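Each remark here refers to the structure printed beneath this line.
All values reported here derive from a predicted model rather than from experimental measurement. So you know, we letter chains A, B, ... as the sequences are listed, proteins then strands, and number each from 1.
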Amino acid sequence: MSSPEVATTIVRRWLALALETINAHEDELGQLDAAAGDGDHGATMVRGLRAAVATVEKADGSAGHLLAAAGAAFADAAGGASGALVGALLSTTGRTLADDPCDTPSVAKALQAGLTMVKRLGKAQPGDKTLIDALQPFVDALAAQPVDQSLAAAWRAALPAARQGAEATGAMVARRGRSAKLGERSLGHPDPGATSIVYLLQAMNDALGASGA
Amino acid sequence: MSSPEVATTIVRRWLALALETINAHEDELGQLDAAAGDGDHGATMVRGLRAAVATVEKADGSAGHLLAAAGAAFADAAGGASGALVGALLSTTGRTLADDPCDTPSVAKALQAGLTMVKRLGKAQPGDKTLIDALQPFVDALAAQPVDQSLAAAWRAALPAARQGAEATGAMVARRGRSAKLGERSLGHPDPGATSIVYLLQAMNDALGASGA
Amino acid sequence: MTRLFNDPADFREELIEGFVAAYGRLVKRVPNASGVMAIDSPQPGKVSVVVGGGSGHYPAFCGYVGPGLAAAAVMGNVFAAPSAEQVHRVTKAVASDAGVLYCYGNYSGDVLNFDMAELRCQDEGIDVRTVRVTDDVASAPRGQEEDRRGIAGDFFVFKIAGAAAARGDALDEVERLARKANDHTRSFGVAFGGCTLPGQSAPLFTVEPGRMELGLGVHGEPGIQSSHMRPAREVADLLLDTLLTDAPSDAGSTVAVLLNGLGSTQYEEMFVLYKDINRRLLAEGLTPYKPIVNEMVTSLDMAGCSLTLCWLDDELTALLDAPCASAAYTNI
Amino acid sequence: MTRLFNDPADFREELIEGFVAAYGRLVKRVPNASGVMAIDSPQPGKVSVVVGGGSGHYPAFCGYVGPGLAAAAVMGNVFAAPSAEQVHRVTKAVASDAGVLYCYGNYSGDVLNFDMAELRCQDEGIDVRTVRVTDDVASAPRGQEEDRRGIAGDFFVFKIAGAAAARGDALDEVERLARKANDHTRSFGVAFGGCTLPGQSAPLFTVEPGRMELGLGVHGEPGIQSSHMRPAREVADLLLDTLLTDAPSDAGSTVAVLLNGLGSTQYEEMFVLYKDINRRLLAEGLTPYKPIVNEMVTSLDMAGCSLTLCWLDDELTALLDAPCASAAYTNI
Ligand SMILES: Nc1ncnc2c1ncn2[C@@H]1O[C@H](COP(=O)(O)OP(=O)(O)O)[C@@H](O)[C@H]1O
Ligand SMILES: Nc1ncnc2c1ncn2[C@@H]1O[C@H](COP(=O)(O)OP(=O)(O)O)[C@@H](O)[C@H]1O
Ligand SMILES: [Mg+2]
Ligand SMILES: [Mg+2]
Ligand SMILES: [Mg+2]
Ligand SMILES: [Mg+2]
């Protein structure tokens with residue numbers, strides 16, 4: 001990525017696009033959550049992203065700082081499990097990134113830290129039918145990209161791993177979170193949180209693509 | 001009517017037939033009541049008649065006494081406006097009849113007393129869209145029958161007046177009872193209480209017809 | 001819709017049994033009658049307030065029986081007034097030397113049966129008086145207040161009458177205060193969906209989606225007007241516009257407030273609505289006194305709510321504040 | 001279905017404002033936070049019990065804030081746990097020198113957010129402990145009690161914790177008693193119909209007419225079994241069979257009982273059901289202690305109910321009996 005200014009622009013554009021996408025899929029996410037949970041996942045994500053967008057509009061600083069601020073705002077406004085976890089993902093990723101250049105290795109490392117925090121907080125493992133099943137494959141795939149590849153290209157290359165991970169949750173039985181109580185009833189529907197992660201990563205892909213970064 | 005025994009048989013048969021008819025029309029009566037009232041008229045009448053039937057099955061005495069006992073049981077089990085009024089109609093009619101022979105003049109006189117009590121209690125007048133609009137024309141018509149006519153024949157001759165009276169309530173605006181509060185909304189539906197009265201009088205007609213009295 | 005029952009014909013009896021089984025620390029069954037009485041009733045020298053009406057309105061009526069509130073409740077079948085026979089039996093069980101006050105919502109069936117019981121009791125030498133609750137402004141125009149039906153205003157009238165009785169006021173005075181409470185109380189309601197009688201599978205009435213009925217009765221008696229659904233703040237204004245136009249002539253500036261849920265309206269919604277009601281009350285220079293947002297007089301599982309204002313003076317305030325205990329309302 | 005709102009995005013904020021406007025005699029708003037605190041909190045030397053969770057369950061959670069009960073409630077959006085940030089702010093507002101006990105239903109979102117706030121508070125020197133309510137036997141098998149979710153049992157655990165705190169017990173002791181209350185509490189529920197989130201027009205889930213879902217969660221999480229609708233007496237047996245099989249190992253013979261309505265189940269139906277529950281309890285040699293038949297932890301306008309038993313000993317009974325005042329529950 002060429003410069004800190006471009007990076008902050010991308011963070012802002014990403015969150016705006018993410019809000020747009022999630023907004024458009026709010027009902028779908030709610031219905032996925034209703035299948036075995038409480039149906040509020042779409043509304044929760046929209047609330048969180050609205051607050052994140054509003055925060056980065058007003059905030060200054062590096063991309064890392066914006067992300068950290070967005071994560072705090074997201075967590076507070078969203079509430080619920082996904083508020084805490086997606087919020088922590090953003091905050092930890094942002095804090096780890098801090099003022100580092102937004103190249104592929106730094107971003108991959110920061111996201112790895114974010115993922116670790118999500119696992120520490122939520123105590124879920126891959127295969128538990130949570131957002132981790134989309135996030136972990138993506139983070140692994142991103143880390144496996146050539147270090148000198150542009151972030152945009154690396155991101156695009158890693159995205160299918162997230163999609164496949166989310167899709168695979170449809171065949172899993174929930175072991176964590178609200179829907180874990182009655183595992184079998186969650187079979188057949190992909191996990192709402194994992195689905196959201198794909199939308200978020202897709203929005204970043206679009207933001208990076210548009211920037212040509 | 002030939003004998004006191006026949007008369008008590010007819011009262012018992014009447015109540016059994018009345019219960020059968022009202023039972024079959026319970027939903028219809030409920031719906032008529034729901035149009036402007038609270039929808040319970042069918043259930044109320046069924047409750048009252050069940051208790052009345054049970055009472056006369058066990059009770060002894062003249063037709064008048066049976067009717068009086070049936071009225072008290074009806075009022076208590078039915079509750080509501082129709083419980084009080086139909087109960088009072090039966091009780092007062094029965095008490096007035098007492099041990100009198102059940103000929104046309106005595107029965108007409110007793111029913112007249114019952115009607116008067118209903119008007120005293122409920123303070124409704126003809127045209128207020130209540131059961132009085134079926135009852136009063138019937139009582140008047142019965143009183144107008146030749147004194148020496150059999151009760152069965154006189155009853156049959158008076159019945160159309162009740163039917164016409166009940167039908168006419170469809171074009172009336174309620175001024176008494178639960179549906180009076182919002183008069184206009186009651187337009188177009190016949191009064192449930194007046195409709196019940198027709199079923200009761202019809203059942204007596206059938207009871208009298210079967211007895212050949 | 002009613003799902004939990006055995007034989008619908010036994011509904012009233014089973015509900016009374018269940019109520020007494022649950023709240024035996026406050027009430028007991030009136031022997032051989034469809035009613036419950038407070039464990040401490042009758043009390044020599046104290047008026048007994050007897051309330052009642054059809055079932056389907058819990059906590060009205062049995063939920064308000066207990067020390068400092070009603071001495072007894074006569075319980076009819078769902079939406080049917082109790083018979084005069086039952087009113088009479090319950091009255092006999094709780095009548096004290098100080099007399100009895102009947103308090104109930106003004107419906108034809110209740111009037112008929114309570115009046116018949118009152119006559120019978122008078123004949124037997126029991127001094128019985130009656131104050132009918134007539135708070136629903138939708139049910140008759142101004143100038144015909146005594147023709148109005150009683151809805152959630154029941155609560156304030158029962159509470160004030162019960163407190164006066166518990167304090168030891170004479171029957172004349174308890175009657176006067178109950179009547180005064182009623183004269184100072186106005187309610188108006190909106191409904192969004194119907195209720196279903198036990199044993200029935202279809203609701204008594206329906207409200208079209210996206211619409212609301214104004215002034216609909218607590219038994220589904222039709223409303224005075226139908227309107228499209230509006231935001232909470234407009235519903236608040238609509239309720240208050242109607243009530244304030246109808247304020248009693250001697251209205252002060254302090255009002256007891258009850259925002260009452262009819263059965264399936266969510267508590268959370270009612271608080272959202274109350275926010276706008278409160279704002280408007282303050283804007284009108286009125287002081288809300290100990291507001292209640294709760295289900296106090298329901299209509300089976302009807303969706304909707306009503307707003308009740310009771311204009312207070314010192315005398316009424318003291319009675320509202322008096323302690324009481326009952327299954328549905330405890331005040332300390 | 002939710003009909004009364006302005007902007008669904010403001011639902012939580014408006015409901016908090018409305019709640020505080022109505023019950024300002026018992027609670028006040030926590031400044032700059034989504035929560036309410038008791039007017040008498042914090043009290044030096046007394047533990048503050050902080051409850052909370054998503055909205056949509058009124059009276060849980062704000063309805064239980066007041067003297068003798070919870071010191072504060074943190075209020076999330078409908079069905080969403082409050083954020084750690086809000087939990088932290090509310091905790092700061094009510095933390096006394098005696099420490100804080102968090103009490104809430106065991107859901108992933110609540111655990112995450114309360115735990116994060118707890119860590120933050122600990123870092124700031126506030127002694128915070130946590131007791132999660134895990135009463136719903138349908139949500140995990142025996143032996144995995146700590147994985148169960150919390151439903152209507154919240155009420156007993158909050159009441160007992162609040163009473164211990166009000167009495168002046170030290171934090172260790174308040175925590176022990178809350179945990180003991182939870183260990184002695186079991187709930188099981190049935191649902192007949194879904195609930196609708198504000199701003200949505202379709203219910204979160206539906207139950208086929210004539211059927212019921214056993215063990216369905218208070219947020220519509222699927223049940224463990226679906227059955228045809230049965231007479232009340234069979235529903236009573238079904239609830240009790242399940243609960244009694246799961247009785248705590250040290251169960252005595254006195255049980256506090258809560259028959260809890262989820263929102264649109266009629267009170268009358270619940271009393272009919274309670275009649276059969278009471279019969280069965282007595283047949284089992286159990287003594288029901290001050291039963292409650294009411295809406296204590298709802299799920300918007302869901303149709304259904306749950307039965308909670310809390311096996312008592314003298315220690316727990318004394319705390320259950322202690323006086324308290326709150327918008328939803330007053331004990332004298
Ligand atoms: N312990 C956990 N670890 C990881 N992800 C979790 C955990 N608990 C829940 N989630 C994720 O959160 C999603 C649900 O989010 P949401 O519906 O917004 O929250 P809630 O469960 O509080 O209603 C699930 O689909 C899952 O992906
Ligand atoms: N004051 C009255 N005088 C005469 N008839 C009345 C009066 N009030 C009600 N009714 C009759 O009672 C019928 C309603 O009966 P029902 O539904 O059983 O009682 P409730 O009105 O108590 O629900 C009305 O249709 C009407 O015929
Ligand atoms: Mg959810
Ligand atoms: Mg009726
Ligand atoms: Mg009726
Ligand atoms: Mg949630």
Closest heavy-atom pair, Gly39(B) versus Leu204(C), reported as atoms and distance to 0.1 Å, is CA-CD1, 3.3 Å

With sequence neighbours left out, the residues meeting side chain to side chain contact (heavy atoms under 4.5 Å, CB included) with Ser187(C) are Asp135(C), Ile151(C), Thr308(C)

Self-check item: Asp123(C), CG atom: more than 12 neighbouring heavy atoms under 6.0 Å
Solution: yes

Here the gap from Gln86(C) atom CD to Asp76(B) atom CG, rounded to the nearest 0.5 Å, amounts to 4.5 Å

So, the part of Val78(C) with a heavy atom under 4.5 Å from chain B: the answer is backbone

Bottom line for Leu197(C): the part with an atom under 4.5 Å from chain B's heavy atoms is side chain

Applying a strict 4.5 Å limit to non-hydrogen atoms, the region of Gln200(C) in contact with chain B is side chain

Minimal heavy-atom distance between Leu112(C) and Ala84(B), with the atoms involved, is CB-CB, 3.9 Å

Honestly, the part of Ala78(B) sitting under 4.5 Å from a heavy atom of chain C is backbone

CZ of Phe79(C) to CG of Asp33(B), rounded to nearest 0.5 Å, is 11.0 Å

When every non-hydrogen atom of Ala9(C) is compared with those of Arg50(B), the smallest separation belongs to CB-NH1, 4.4 Å

Bottom line for Ala77(B): the part with an atom under 4.5 Å from chain C's heavy atoms is backbone

With a 3.5 Å cut-off and sequence neighbours excluded, list the donor-acceptor pairs that the side chains of residues 104-116 of chain B form with protein atoms.
unit_1	atom_1	unit_2	atom_2	d
Thr104(B)	OG1	Gln149(B)	O	2.8
Thr104(B)	OG1	Leu151(B)	N	3.4
Ser106(B)	OG	Pro101(B)	O	3.3
Ser106(B)	OG	Asp103(B)	OD1	2.6
Thr116(B)	OG1	Gln112(B)	O	2.9

key: Heavy-atom donor-acceptor pair, Asn113(C) side chain to Gly80(B) backbone, under 3.5 Å   = yes

In this structure, OG of Ser108(C) is separated from CG of Leu85(B) (nearest 0.5 Å) by 6.5 Å

Does atom CD of Glu208(C) have more than 12 heavy-atom neighbours, drawn from other residues, nucleotides or ligands, at distances under 6.0 Å?
no

So CZ of Arg47(B) and CZ of Arg12(C): to nearest 0.5 Å the spacing works out to 7.0 Å

